[in-house]
Amino acid sequence: MHRKFKKEEGFLIPLFVFNALMADIKTKINAWIQEYIGTGPILLVDLQVTRGARRSLVTILVDTMEGVTIEACALLSRKLGHHIEEQAWIEEAYNLEVSSPGLDFPLTQGWQFEKNAGRKVKVWLKEGDPVVGELQGHTADAIQVLTEKTVKHRAVVAKEPTWFPLQAVDKIRVQVSFQ
């Protein structure tokens with residue numbers, strides 16, 4: 001039987017134990033962030049805790065309906081960094097990155113759909129070709145996109161609203177337009 005191990009300060013620990021430690025740290029950080037941000041205006045988009053060869057990396061993506069400021073990210077980073085060290089959640093060296101998700105990060109939550117309504121998006125489906133169009137609306141389990149129909153590689157001929165169940169969607173990204 002082949003087992004995977006992670007080297008930890010000169011010792012080999014089973015990978016499942018290592019993964020459990022990272023999950024525990026992520027759970028603690030997530031709980032602290034939820035308490036810190038409360039009901040808004042800052043909203044948590046993503047939280048990742050990974051362990052590299054030399055140090056852990058905590059990556060936090062936050063946003064607001066109007067866009068998050070550098071100052072808000074810096075304040076969250078300072079307060080969380082102080083709390084992590086005070087509670088000794090991560091004893092070794094680590095990097096803490098707090099930023100906005102950027103345009104290349106997929107839309108995953110209802111408030112993100114609201115924020116980007118009216119913008120051009122690309123929807124990658126789990127089955128079938130990607131779809132491009134204007135994000136029109138959403139429900140708890142579907143999004144509506146005003147899809148662009150082309151005929152024989154010509155300009156857009158017609159647009160029709162189409163609902164896509166979120167369970168059939170792989171990812172959704174805002175498309176940048178320089179027009």
Side-chain angles (χ1 to χ4, degrees), residues 6 15-16 18-126 130-132 135-145 164-177:
K6 176 80 175 170
L15 196 55
F16 73 91
F18 173 78
N19 290 339
L21 291 172
M22 291 293 107
D24 183 50
I25 292 169
K26 183 176 179 178
T27 300
K28 289 176 181 177
I29 291 172
N30 187 40
W32 185 90
I33 291 171
Q34 294 302 330
E35 182 178 322
Y36 175 78
I37 63 177
T39 59
I42 295 176
L43 301 161
L44 180 63
V45 176
D46 192 42
L47 166 62
Q48 297 293 321
V49 179
T50 56
R51 183 86 182 254
R54 297 178 190 234
R55 57 182 56 212
S56 297
L57 174 61
V58 179
T59 306
I60 300 166
L61 301 178
V62 293
D63 206 353
T64 69
M65 292 299 282
E66 296 79 33
V68 70
T69 65
I70 293 171
E71 292 80 16
C73 291
L75 181 61
L76 175 61
S77 178
R78 281 193 304 274
K79 287 185 178 256
L80 177 58
H82 178 72
H83 194 74
I84 288 172
E85 291 176 18
E86 189 177 80
Q87 299 297 316
W89 288 344
I90 304 174
E91 295 179 8
E92 68 282 342
Y94 68 94
N95 288 345
L96 174 58
E97 298 175 358
V98 179
S99 68
S100 65
L103 290 175
D104 61 336
F105 198 82
L107 305 178
T108 58
Q109 302 173 32
W111 65 268
Q112 290 176 302
F113 301 140
E114 288 176 33
K115 177 182 178 177
N116 290 289
R119 296 186 75 180
K120 188 174 185 177
V121 294
K122 187 170 187 177
V123 180
W124 284 268
L125 302 169
K126 292 179 180 171
V131 176
V132 176
L135 182 60
Q136 295 286 294
H138 73 94
T139 64
D141 54 358
I143 59 165
Q144 183 182 35
V145 177
F164 296 97
L166 290 176
Q167 64 190 41
V169 172
D170 185 38
K171 64 184 170 184
I172 305 164
R173 286 195 179 146
V174 173
Q175 298 297 287
V176 180
S177 175

Do the non-hydrogen side-chain atoms of [X] and [Y] ever get within less than 4.5 Å of each other?
{"X": "Y36", "Y": "L44", "value": "no"}
{"X": "F113", "Y": "I172", "value": "yes"}
{"X": "L135", "Y": "V174", "value": "no"}
{"X": "V49", "Y": "Y94", "value": "no"}
{"X": "K28", "Y": "H83", "value": "no"}
{"X": "L61", "Y": "S99", "value": "yes"}
{"X": "K115", "Y": "E66", "value": "no"}
{"X": "I90", "Y": "E92", "value": "yes"}

Hey, what do you get for [atom1] ([X]) to [atom2] ([Y]), rounding to the nearest 0.5 Å?
{"X": "I42", "Y": "T69", "atom1": "CD1", "atom2": "OG1", "result": "7.0 Å"}
{"X": "I25", "Y": "R51", "atom1": "CD1", "atom2": "CZ", "result": "7.5 Å"}
{"X": "L76", "Y": "E71", "atom1": "CG", "atom2": "CD", "result": "13.5 Å"}
{"X": "M65", "Y": "Q112", "atom1": "CE", "atom2": "CD", "result": "9.5 Å"}
{"X": "R173", "Y": "D104", "atom1": "CZ", "atom2": "CG", "result": "6.0 Å"}
{"X": "H138", "Y": "I143", "atom1": "NE2", "atom2": "CD1", "result": "10.0 Å"}

For [X], does the [atom1] atom have more than 12 heavy-atom neighbours from other residues, nucleotides or ligands under 6.0 Å away?
{"X": "K79", "atom1": "NZ", "result": "no"}
{"X": "K26", "atom1": "NZ", "result": "yes"}
{"X": "E35", "atom1": "CD", "result": "no"}

From D46, I33, V45, N30, residue fulfilling side chain to side chain contact (heavy atoms under 4.5 Å, CB included) relative to I60
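Only one option passes, and that is I33.
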
For L47 and V58, what are the C-alpha separation, side-chain angles and deciding distance, and is it a side chain to side chain contact (heavy atoms under 4.5 Å, CB included)?
CA-CA 7 Å; L47 166 62; V58 179; 4.2 Å; yes

Side chain to side chain contact (heavy atoms under 4.5 Å, CB included) for V62 and I37? Distances and angles first, verdict last.
CA-CA 10 Å; V62 293; I37 63 177; 5.6 Å; no

Would I84 and W32 satisfy side chain to side chain contact (heavy atoms under 4.5 Å, CB included), going step by step from the backbone distance to the final call?
CA-CA 10 Å; I84 288 172; W32 185 90; over 6 Å; no

Go through the side-chain N and O atoms of Q87 and W89 and say whether any donor and acceptor fall under 3.5 Å apart.
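Judged by distance alone, the side chains do not pair up.
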
Determine the minimum heavy-atom distance between P41 and T64, stating which atoms define it.
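So the two residues come closest at O-CG2, 3.4 Å.
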
CA sep, side-chain torsions, deciding dist, call: V68, L43, side chain to side chain contact (heavy atoms under 4.5 Å, CB included):
CA-CA 9 Å; V68 70; L43 301 161; over 6 Å; no

By side-chain hydrogen bond (donor to acceptor under 3.5 Å, both in side chains) - contacts of D141 (at least two apart):
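Only T139 meet the side-chain hydrogen bond (donor to acceptor under 3.5 Å, both in side chains) criterion with D141.
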
Do S77 side-chain atoms and C73 backbone N/O form a donor-acceptor pair below 3.5 Å?
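Checking the backbone N and O of C73 against the side chain of S77, no donor-acceptor pair under 3.5 Å is found.
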
